[in-house]
Structures are given as structure tokens and as C-alpha cells.
There are 2 protein chains.
Amino acid sequence: MEDLLQKQGLKRTKLRMALLGYLFNSKHAQSYLDIKNALGEQVDKSTLYRNLGAFEEAGLIHRINDQSGMAKYAFGALHDHGNAHAHFVCESCETVYCIENANSSKINVPEGFKTKNVQTIIKGTCAAC
Amino acid sequence: MEDLLQKQGLKRTKLRMALLGYLFNSKHAQSYLDIKNALGEQVDKSTLYRNLGAFEEAGLIHRINDQSGMAKYAFGALHDHGNAHAHFVCESCETVYCIENANSSKINVPEGFKTKNVQTIIKGTCAAC
DNA sequence: AATGTAAATGCAACTAAGTTGCATTTACAA
DNA sequence: TTGTAAATGCAACTTAGTTGCATTTACATT
Ligand SMILES: [Mn+2]
Ligand SMILES: [Mn+2]
Ligand SMILES: [Zn+2]
Ligand SMILES: [Zn+2]
């Protein structure tokens, strides 16, 4: 867990350990506010955002834009490794779930277009709602 | 063209005709800034945003969130009519294309989840780049 | 253990997309 | 022509995220 930080050349600060642990244990994607509430009000905004950015760049987490206007973050970097997964956004409770193996099929793009990565947002109602 | 406005109970103002015409003739999705530059600096921000919202609600245009932090708009309302199409975002020139028939067929969601609508963002390099 | 240094933090100020309240103007129906 | 609801223009606001900079801290080296 914490060695993941070292392995990426990131110093093991208090906040980073807490942040990485929190996202690791989260069942679904968390927004900046979710994280701040979980880790404590005193967490600095800049530091938190910078660490989210650093983690993302290091491939420890991935960012999901569910068009709510607020990015959400989840452990794991499946997106950038070709193994893109889908995200389910519950329209009722706003929860964002990572969905593995959602789409198994072919995407057709016009001549000359080169697909690097496909991001799927599924909107609907989750099992809890 | 202009009768589309009346048909939706929207008054045919100068800006609305220009805006709808501009989006109709655009080959790809346009941001607020693109539109403002095209229609003239003097266009009011509130009015433009309110009209984009009104058009969207009326089903004349659709909004695309390509993760750039700035929404983009395109003519047509395919998204809300089950006939969702995909969007191709060129990582080099930032252009957003509407892609018909990209059709990723089957989407698998876990037990208890109900899919209402699927949005696909394809990232890659476009034919012009 | 003491120390040097680059990286990380904390704070405040900033940026930029989008929204809102309100007074004025305009499309259009009567 | 006129009444009125809808649209506009402007300024002030909101909010997610960023940036510059001085201070602190992780951690490698001695
Ligand atoms: Mn995910
Ligand atoms: Mn489209
Ligand atoms: Zn739900
Ligand atoms: Zn391109």
C-alpha cells in the first residue's frame, strides 16, 4: 500500500497515506468534497488537488468526469492501460461506480481516425436505489 | 430552420437565429468561446448561455462534456431520444466530432442496476491531424 | 545522529466557466 | 397600436480548480 508511493517516487507524507488508503478502501468514486469530509476539514485544498493529480499521473488512481461539474476519483489506473472500464452514474443517489467488463464490443470510427481510448458513462439507477 | 424555434415556443431573436444557424452549419461541436468568437465579441455571456440551455432543453442541440472543462454544443438532440451517438475527442486538435453508428453493442451492468442511457467518449487522433 | 536538499505543504490570491437578480427592451399576439 | 410575457444586458456572484511563494518535511548522505 504505502510502498506504492515509494515505488512511484512519491514521498510518504501523512496526507498521501491517508488519501491513498481512503481511495483504496472506497467502494466507489469520491469527489474532492467527499475526500475532504472523510479526511478532515483541515486538509488543504491545494495539497489535496496536487496529490490527486500526482496520484493520477503516477497511475495509482483515475479520474472520472461524470458531468456533474465535479471530478471524482477512484483507486486503480485501468483507464490508461487499454483496459478501460465503464462508469455507472446513479441518477438518483449520484454515486459513481466503476464497472468492469461493461462493454465487450467494437467501436467504429471514420477513416483516418485513430482510437486511443474509449470512456463510457452509463446513466441509470443503481442497485441501492 | 427558424421555424424550429417557433415550433418550440422560442421567440425568434437575432441571436437565436444566428446561434442556431451557426450550430446547424458547424461540422463539429462548439464551445461557448468558439461561438462567441464566431458570432461576435459583443454577444452577452448570460444570454448566450441561457439560449444554449433553452435550445438544449427544447431538444434542438445537445451538450457534450469532453472532460476539457468546457462544455461543447452540437446541433441535434440524438442523445435524449435513445439514439445516443458517440463523441470523438481529438487529443491533438481538441476537436469534438459526433460519431454516428459507433455502436458498442452490449453493455453489462451488475444485478439491480438499470441502464437509462449510455454516453461514449472516444479519445484519439482525428483524420485532420 | 546531524545535515543538506529537493519535494511537499499551507496559505492567499487568482482564474475561468457558468449562474443569478434585476431593470430594460423586444417579439409577437390580440 | 398596444399589452405583456419572454428575452436581453449588465454586474455581481459562485465554485472547482490552479498558481506563486515562503515555510516545512521526508529521506538520502555523511
Ligand atoms: Mn473507474
Ligand atoms: Mn453529438
Ligand atoms: Zn443510487
Ligand atoms: Zn485533430
Side-chain angles (χ1 to χ4, degrees), chain A residues 1-22 29-58 60-74 89 94 96, chain B residues 1-23 29-58 60-73 89 94 96:
Chain A
M1 191 73 225
E2 299 163 7
D3 25 323
L4 286 177
L5 290 173
Q6 292 173 278
K7 201 169 288 185
Q8 300 297 329
L10 297 167
K11 290 184 182 171
R12 295 175 309 157
T13 66
K14 280 248 167 69
L15 176 63
R16 283 180 176 172
M17 318 246 268
L19 175 57
L20 193 58
Y22 177 66
Q30 307 289 322
S31 69
Y32 157 74
L33 280 181
D34 294 335
I35 297 167
K36 178 174 180 141
N37 288 337
L39 301 190
E41 281 302 322
Q42 78 290 353
V43 172
D44 181 68
K45 184 163 53 157
S46 307
T47 306
L48 185 40
Y49 273 116
R50 280 194 276 236
N51 281 325
L52 287 168
F55 284 10
E56 192 188 10
E57 211 161 337
L60 295 173
I61 66 175
H62 62 279
R63 181 195 312 240
I64 304 128
N65 198 324
D66 63 354
Q67 60 220 60
S68 72
M70 230 172 147
K72 293 187 176 156
Y73 304 85
V89 181
E94 310 275 276
V96 175
Chain B
M1 190 73 225
E2 299 163 6
D3 25 321
L4 285 176
L5 290 173
Q6 292 173 277
K7 201 170 288 184
Q8 301 297 330
L10 297 168
K11 291 185 181 169
R12 294 175 309 156
T13 66
K14 277 239 170 76
L15 177 64
R16 282 180 176 171
M17 317 246 267
L19 175 56
L20 193 57
Y22 176 65
L23 290 179
Q30 306 290 322
S31 70
Y32 158 73
L33 280 182
D34 293 334
I35 297 168
K36 179 176 181 139
N37 288 338
L39 301 191
E41 281 301 322
Q42 79 289 352
V43 173
D44 182 68
K45 182 163 56 159
S46 308
T47 305
L48 185 40
Y49 272 117
R50 281 193 276 236
N51 281 324
L52 287 167
F55 286 8
E56 191 187 10
E57 212 161 335
L60 295 174
I61 66 175
H62 62 280
R63 182 196 312 241
I64 304 129
N65 197 326
D66 64 353
Q67 208 123 336
S68 72
M70 227 170 148
K72 295 192 175 152
Y73 304 86
V89 181
E94 309 276 277
V96 175

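Throughout, a chain's letter reflects where its sequence line sits, starting with A, and its residues are numbered from 1. Atoms considered below: every heavy atom in the structure, side chains included; atoms not considered: hydrogens, waters and symmetry mates.
Counting only heavy atoms from C-beta outward, the side chains of Gln30(A) and Lys72(A) never approach each other to under 4.5 Å. Side-chain contact between Ile35(B) and Leu23(B): present, with at least one pair of heavy atoms (C-beta onward) separated by less than 4.5 Å. Proximity of Leu10(B) to Phe55(B): side-chain heavy atoms (C-beta onward) are separated by under 4.5 Å at one or more points. Put simply, the side chain of Leu5(A) reaches to within 4.5 Å of the side chain of Leu60(A), judged on heavy atoms. At a threshold of 4.5 Å between non-hydrogen side-chain atoms, the residues His62(A) and Glu56(A) do not count as touching.
Counting 5' to 3', DNA chain D first comes under 4.0 angstrom of a heavy atom of chain A and last does so at the ends given by dA16(D) to dC27(D).
Across all strands, Thr13(A) comes closer than 4.0 Å only to sugar-phosphate atoms, never to a base (heavy-atom distances).
For the helix from dA1(C)-dT30(D) to dA30(C)-dT1(D), the rotation axes defined at the first and last 5 base pairs enclose an angle of 30°, given to the nearest 10°.
Between Arg12(B) and Met70(B), it is Met70(B) whose nearest contact on DNA chain C lies nearer the 5' terminus. Each of Leu10(A) and Leu33(A) has a nearest nucleotide on DNA chain D; the 5'-most of these lies closest to Leu33(A). Place Gln42(B) and Arg16(B) on DNA chain D by their nearest nucleotides, and Arg16(B) ends up nearer the 5' end. Place Ala71(B) and Lys14(B) on DNA chain C by their nearest nucleotides, and Ala71(B) ends up nearer the 5' end.
Note that the CG atom of Leu52(B) and the CZ atom of Arg16(B) stand 11.0 Å from one another [nearest 0.5 Å].
We find that CG of Asp44(B) is positioned 15 Å from P of dG18(C), with the value rounded to whole Å.
Considering all non-hydrogen atoms of both residues, Ile64(A) and Ala74(A) come closest at CD1-CB, 4.1 Å.
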